[in-house]
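Residue numbering restarts at 1 for every chain, and letters A, B, ... go by the order of the sequence lines.
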Protein chains: 2
Amino acid sequence: MRPLFHPAIEDIRPDAILYALSDPERAAIFAWLAGAGCGGTCSALADLGERTIPKSSLSNHFKVLRESGLIRSERQGVEMRNQTRCAELDERFPGLIRAILTAYGQLPPEMNTD
Amino acid sequence: MRPLFHPAIEDIRPDAILYALSDPERAAIFAWLAGAGCGGTCSALADLGERTIPKSSLSNHFKVLRESGLIRSERQGVEMRNQTRCAELDERFPGLIRAILTAYGQLPPEMNTD
DNA sequence: ATCAACAGTTCCGAATTTCTGAACTACGGA
DNA sequence: TCCGTAGTTCAGAAATTCGGAACTGTTGAT
């Protein structure tokens with residue numbers, strides 16, 4: 001398996017972020033990761049929504065999220081730990097992630113600063 | 001020509017907005033409209049960026065923006081007047097449009113509230 | 001009224017992208 | 001070593017996007 005690619009923070013492009021999160025399934029995965037604290041795995045959410053997502057599709061969703069710069073993935077034994085890059089992202093694109101998750105009605109409690 | 005469809009504010013979906021603005025060309029058009037005050041026409045920006053956008057593509061970009069709820073288009077004589085729905089949108093999705101335009105580095109001065 | 005010019009839309013085929021089942025790789029445990 | 005689990009890659013089918021050419025609707029001129 002070739003090593004996982006993660007863009008440097010300065011190479012992250014807003015169009016890639018918007019594209020990645022324009023798929024409700026991916027947005028739900030991202031929101032779930034943002035709320036899960038840390039280390040959400042792939043198989044943990046095979047049926048996050050109403051349908052069962054095929055694992056090849058799930059793998060692809062994670063790849064899109066990773067390569068757009070939204071998450072960081074790291075192999076840990078047999079499974080893959082994923083975490084968001086929210087802190088970095090908020091520095092580069094202030095308010096963006098929060099506004100998007102809020103628009104989806106999926107802002108996790110710990111990201112709420114009201 | 002069939003009448004132009006504009007979604008009601010409550011039918012606007014965040015995924016459609018993100019999708020529409022995930023195309024840098026469309027985002028530039030939208031930013032330009034947001035800054036143009038009001039009434040930007042289609043042909044006025046055949047070459048907004050470095051390349052000349054074919055008019056069928058331009059027409060399609062406007063359709064995507066319109067049907068996602070980002071802009072309102074109205075025929076005025078022979079041409080089409082377009083304006084953003086920023087005010088409505090900001091009520092429905094607080095901070096979203098601003099954060100996106102800022103991320104693209106295209107927040108027009110009049111939307112700046114710092 | 002007819003015609004020409006212009007702004008934009010629609011149509012449709014080519015190219016690109018997305019989706020997902022099946023085969024495959026990687027790791028850990030017995 | 002062999003098995004099970006987690007996830008990736010491959011490849012073909014389906015869906016989407018792109019853009020040139022033809023078309024529609026409006027205005028202004030003759």
K.L.:
Roughly, in whole Å, what's the span from CZ in A:Arg75 to C1' in D:dT8?
P.N.:
9 Å
K.L.:
Taking only the side-chain heavy atoms of B:Val78 (C-beta and beyond), determine which of C:dT9, D:dG19, D:dT26 contains the nearest atom.
P.N.:
D:dT26
K.L.:
D:dA6 C1' sits how many Å from A:Ile53 CD1, rounded?
P.N.:
16 Å
K.L.:
For A:His61 and D:dG7, what is the distance between atoms NE2 and P respectively, to the nearest whole Å?
P.N.:
15 Å
K.L.:
Side chains of A:Phe93 and A:Ile100: closer than 4.5 Å at any heavy-atom pair?
P.N.:
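Heavy-atom side-chain distance check fails, nothing below 4.5 Å.
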K.L.:
List the steps and the verdict of side-chain contact (heavy atoms from CB on, under 4.5 Å) for B:Phe62 and B:Leu33.
P.N.:
CA-CA 11 Å; B:Phe62 276 97; B:Leu33 284 177; 4.2 Å; yes
K.L.:
Of the listed nucleotides (C:dT9, C:dG21, D:dG7), which one gets closest to any side-chain atom of A:Pro54?
P.N.:
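Out of C:dT9, C:dG21, D:dG7, the nucleotide with an atom closest to A:Pro54's side chain is C:dG21.
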K.L.:
Look at A:Ser57 and C:dT20 and indicate whether a side-chain polar atom (N or O) is within less than 4.0 Å of OP1 or OP2.
P.N.:
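So the side chain of A:Ser57 is within the cut-off, an N or O lying under 4.0 Å from OP1 or OP2 of C:dT20.
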K.L.:
For B:Tyr104 and B:Leu21, indicate whether the former's side chain and the latter's backbone hold a donor-acceptor pair under 3.5 Å.
P.N.:
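Answer holds: yes.
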K.L.:
Just compare C:dA23, D:dT9, C:dC19 and give me whichever is closest to any side-chain atom of A:Asp23.
P.N.:
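Nearest to the side chain of A:Asp23 among the choices is C:dC19.
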K.L.:
Using side chain to side chain contact (heavy atoms under 4.5 Å, CB included) as the criterion, point out the one residue from B:Leu107, B:Thr102, B:Leu70, B:Thr84 that pairs with B:Ile97.
P.N.:
B:Leu70
K.L.:
Both A:Tyr19 and A:Gln76 contact DNA chain C. Taking the nearest nucleotide for each, which residue is further toward the 5' end?
P.N.:
A:Tyr19
K.L.:
With DNA chain C as reference, determine whether A:Gly77 or A:Ser56 sits nearer its 5' end, using the nearest nucleotide of each.
P.N.:
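Whichever sits nearer the 5' end wins; that is A:Ser56.
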K.L.:
With hydrogens left out and only the distance checked, is there a donor-acceptor pair under 3.5 Å joining A:Ser59's side chain and the base of D:dG7?
P.N.:
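Absent.
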K.L.:
Round to a whole Å and report the spacing from CG of B:Leu58 to C1' of C:dT10.
P.N.:
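Going from CG in B:Leu58 over to C1' in C:dT10 covers 15 Å.
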K.L.:
Using atom CE of B:Met80 as one end and atom C1' of C:dT10 as the other, report the distance to the nearest whole Å.
P.N.:
13 Å
K.L.:
Measure from the side chain of A:Asn60, starting at C-beta and using heavy atoms only, and say which of C:dT20, D:dG25, D:dA6 lies closest.
P.N.:
C:dT20
K.L.:
So which atom in A:Gln76 and which in A:Arg81 form the shortest heavy-atom distance, rounded to 0.1 Å?
P.N.:
OE1-CG, 3.2 Å
K.L.:
Which nucleotide in the set C:dG8, D:dG19, C:dC27 lies at the smallest distance from any side-chain heavy atom of B:Glu79?
P.N.:
C:dG8
K.L.:
Please determine, for the side chain of B:Lys55, which listed nucleotide (C:dA23, C:dG8, D:dG19) has the closest atom?
P.N.:
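Between C:dA23, C:dG8, D:dG19, the one nearest the side chain of B:Lys55 would be C:dG8.
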K.L.:
What is the distance, to the nearest angstrom, from the NZ atom on B:Lys63 to the C1' atom on C:dA7?
P.N.:
17 Å
K.L.:
Kindly point out which of D:dG19, C:dT9, C:dC19 is positioned nearest to the side chain of B:Arg66?
P.N.:
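The closest nucleotide is C:dT9.
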K.L.:
Calculate the interatomic distance between B:Glu67 atom CD and C:dT10 atom P; express it in whole Å.
P.N.:
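My rounded result for the distance is 9 Å.
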K.L.:
Roughly, in whole Å, what's the span from CZ in A:Arg81 to P in C:dC27?
P.N.:
16 Å
